[in-house]
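Structure first, then comments.
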Amino acid sequence: GEWMMEQNDKATAEEIQFLRLVKRSPDQGDGWRSVSPMLERLVARFTRFFEQERRDDRLFVRLTPEGETLATYASAA
């Protein structure tokens with residue numbers, strides 16, 4: 001609906017590219033992906049599309065449903 005379009009406009013190309021980057025990481029189960037220390041700084045900037053969990057000093061992230069939708073359908077133009 002209209003709400004999705006509106007949200008979509010607010011996602012920057014940078015965010016969409018980052019969501020896609022995360023999606024390319026191997027799924028560790030239930031959508032959780034391990035994030036390298038280098039990427040952790042970026043996750044902190046783009047938190048609105050992620051759930052986060054720290055396990056054994058590694059950061060794991062999972063895209064929210066909105067994040068998934070953006071990574072799949074949004075054009076990073």
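- To the nearest 0.5 Å, atoms CZ (Arg55) and CD (Gln28) are separated by 8.0 Å.
- Evaluation of the ring-ring contact (aromatic ring centres under 6.0 Å, His included) rule for Phe60 yields no partner, not counting sequence neighbours.
- Not counting sequence neighbours, Ser25 has no partner by the side-chain hydrogen bond (donor to acceptor under 3.5 Å, both in side chains) test.
- A heavy-atom distance below 4.5 Å is found between the side chains of Leu63 and Phe50.
- Closest non-hydrogen pair, Phe49 versus Gly67, comes out as CB-CA, 4.0 Å.
- Residues meeting the side-chain hydrogen bond (donor to acceptor under 3.5 Å, both in side chains) test with Gln52, sequence neighbours left out: none.
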Show me the donor-acceptor pairs, under 3.5 Å and distance only, between side chains in residues 35-43 and residues at least two apart or in other chains.
unit_1	atom_1	unit_2	atom_2	d
Ser36	OG	Leu39	N	3.3
Glu40	OE1	Arg54	NH2	2.8

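- By the side-chain hydrogen bond (donor to acceptor under 3.5 Å, both in side chains) test, Asp56 is found to be paired with no residue, residues two or more places apart in sequence or in another chain being considered.
- Going from atom OG1 of Thr69 over to atom CG of Leu19 covers 10.5 Å, rounded to the nearest 0.5 Å.
- In this structure, Phe46 CZ and Ile16 CD1 are separated by 10.5 Å, a value rounded to the nearest 0.5 Å.
- Every residue two or more places apart in sequence or in another chain that forms a side-chain hydrogen bond (donor to acceptor under 3.5 Å, both in side chains) with Arg62 is listed here: Asp30, Glu51.
- The nearest pair of heavy atoms linking Glu14 to Arg45 is OE2-NH2, 3.0 Å.
- When all heavy atoms are compared, the tightest approach of Lys23 to Ala71 is CD-CB, 3.5 Å.
- Arg33 places no side-chain N or O within 3.5 Å of a backbone atom of Val61 that could act as its donor or acceptor partner.
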